[in-house]
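Below is one structure; the comments refer to it alone.
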Amino acid sequence: MHVLILGGTTEGRVLAEALHPGVRVTSSLAGRVARPRMPVGEVRVGGFGGTEGLATWLAEHRVDAVIDATHPFAEHISFNAAGAAASAHVPLLALRRPGWVPVAGDDWHEAASLDDAASRLAGLGERVFLTTGRLGLAAFAACPQWFLVRSVDAPDTPMPARAELLLDRGPFTLDGERELLRRHHVDVLVTKDSGGAATAPKLTAAREAGIPVVIVRRPPVPHGVPTAATPEEAAAWVLGRTGPA
């Protein structure tokens with residue numbers, strides 16, 4: 001059995017470990033991070049050439065199942081995967097970590113997009129901790145606020161005029177996030193609803209400090225694609241189809 005994992009996430013790496021070596025696993029990484037954490041099994045880096053290119057790859061490499069374990073905001077590849085899997089008649093499962101849920105004391109302001117998030121900053125604060133990644137920073141380029149921009153790699157798109165860049169990779173600690181907010185006098189946090197524990201401490205730190213959070217809602221999974229919330233559920237879905245090879 002040959003499984004293609006569209007990965008780049010912690011969940012994708014954990015799933016590869018759960019399946020390998022009993023199942024042949026190929027993990028595909030987009031190549032957007034300079035030094036990605038590599039999963040076990042076979043690995044390819046780079047795009048497929050759109051929906052048609054991915055469908056051709058699935059057929060040529062005799063893939064029996066596809067797991068879309070990309071970032072919850074990797075909307076483009078998810079829709080390409082849905083189209084390609086349908087065209088190649090290969091079953092597809094989306095592995096999506098659960099989103100974050102507000103608790104008592106949170107001051108959350110939901111946004112539909114990065115542009116919407118930028119428009120909501122007026123009146124919320126003047127010193128912004130921006131943790132939406134290096135892609136899409138142009139949405140904030142015209143904002144007058146000061147920004148602490150955290151990213152794994154340096155951005156190659158326009159940044160806000162008043163900004164400090166912090167290159168760092170999670171997981172992050174609660175003490176570390178508290179210190180960042182204090183040291184930079186942050187009074188508003190902007191993030192995507194990525195879910196998971198690795199970057200969640202910033203939400204706790206913001207709640208403790210009484211700081212409002214602008215949180216961008218995640219895009220939906222393509223219609224008709226089944227989902228799993230954990231790598232364990234995804235592994236069971238794979239092994240339940242034909243059993244390990």
Side-chain angles (χ1 to χ4, degrees), residues 6-12 30 32-33 67-83 92-125 128-143 145 147-152 155 157 159-160 170-172 177 181 186-230 233-234:
L6 303 174
T9 59
T10 299
E11 290 78 14
R32 292 176 176 170
V33 176
I67 308 294
D68 174 12
T70 56
H71 190 277
F73 282 82
E75 185 175 10
H76 186 66
I77 184 60
S78 293
F79 277 86
N80 281 352
L92 168 67
L93 177 76
L95 173 54
R96 290 290 184 271
R97 69 185 78 141
W100 291 317
V101 178
V103 300
D106 281 327
D107 180 13
W108 285 13
H109 303 256
E110 290 194 353
S113 65
L114 291 175
D115 288 330
D116 187 24
S119 71
R120 291 173 182 269
L121 289 177
L124 288 180
V128 183
F129 185 20
L130 184 59
T131 65
T132 56
R134 66 186 180 93
L135 301 178
L137 290 179
F140 302 90
C143 292
Q145 291 86 357
F147 288 82
L148 175 64
V149 178
R150 184 164 67 191
S151 175
V152 174
T157 56
M159 284 182 49
F172 302 106
E177 300 294 63
L181 299 185
V186 169
D187 56 13
V188 59
L189 166 68
V190 179
T191 188
K192 294 176 177 178
D193 181 15
S194 300
T199 60
K202 62 190 172 189
L203 300 173
T204 302
R207 180 171 62 249
E208 290 177 349
I211 293 172
V213 177
V214 178
I215 186 162
V216 182
R217 296 191 299 269
R218 59 174 63 179
V221 172
H223 180 71
V225 176
T227 62
T230 66
E233 289 180 20

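- Checked against salt bridge (Lys or Arg N to Asp or Glu O under 4.0 Å), E208 has the following partners two or more places apart in sequence or in another chain: R178.
- Using modelled atom types, one side-chain atom of D68 and one backbone atom of T70 make a donor-acceptor pair closer than 3.5 Å.
- Although no hydrogens or angles enter the test, the distance criterion places no donor-acceptor pair under 3.5 Å between the side chain of W108 and the main chain of I215.
- Closest approach of G133 to S151, counting heavy atoms only: C-OG, 4.4 Å.
- Between S113 and D115, the side chains place no donor N or O within less than 3.5 Å of an acceptor N or O (distance only, hydrogens not considered).
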Please lay out, stage by stage, how E177 and K202 fare under the test salt bridge (Lys or Arg N to Asp or Glu O under 4.0 Å).
CA-CA 5 Å; E177 300 294 63; K202 62 190 172 189; over 6 Å; no
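- Side-chain contact check for S194 versus H71: some heavy-atom pair is nearer than 4.5 Å.
- The cationic group of R150 lies under 6.0 Å from the six-membered ring centre of F172 and within 45° of the ring axis, placing it in a cation-pi geometry.
- Rounding to the nearest 0.5 Å places CG of D116 at 12.5 Å from NE2 of H109.
- P160 and F147 get closest at one heavy-atom pair: CB-CD1, 3.4 Å.
- Shown are L203, V216, T199; of these, the side-chain contact (heavy atoms from CB on, under 4.5 Å) with T191 is made only by L203.
- In this structure the side chain of V190 never reaches within 4.5 angstrom of the side chain of T131, judged on heavy atoms.
- Using modelled atom types, one finds a donor on one side chain and an acceptor on the other under 3.5 Å when comparing R96 with S78.
- Under the side-chain contact (heavy atoms from CB on, under 4.5 Å) rule, I67 has a single partner from L6, L92, L93, which is L93.
- Shown here for V225 and A82, the closest heavy-atom pair between the two residues is CG2-CB, 4.1 Å.
- Taking every heavy atom of both residues into account, P201 and A198 meet most closely at CD-O, 4.0 Å.
- Here the closest non-hydrogen pair linking E233 and A228 is OE1-CA, 3.6 Å.
- Applying the salt bridge (Lys or Arg N to Asp or Glu O under 4.0 Å) criterion to D106, with sequence neighbours excluded, gives R207.
- For the side-chain contact (heavy atoms from CB on, under 4.5 Å) test with V188, the passing option among V213, L121, D107 is L121; the others fail.
- Shortest non-hydrogen contact noted between L189 and A206 is CD2-CB, 4.1 Å.
- Here L95 contributes atom CG and T9 contributes atom OG1; the two are 6.5 Å apart, rounded to the nearest 0.5 Å.
- Checked by atom type and distance alone, the side chain of R217 never pairs as donor or acceptor with a backbone atom of K192 at under 3.5 Å.
- The OG1 atom of T157 sits 7.0 Å away from the CG atom of L135 when rounded to the nearest 0.5 Å.
- L137 contributes atom CG, which lies 8.5 Å from atom CG of L114 (distance to the nearest 0.5 angstrom).
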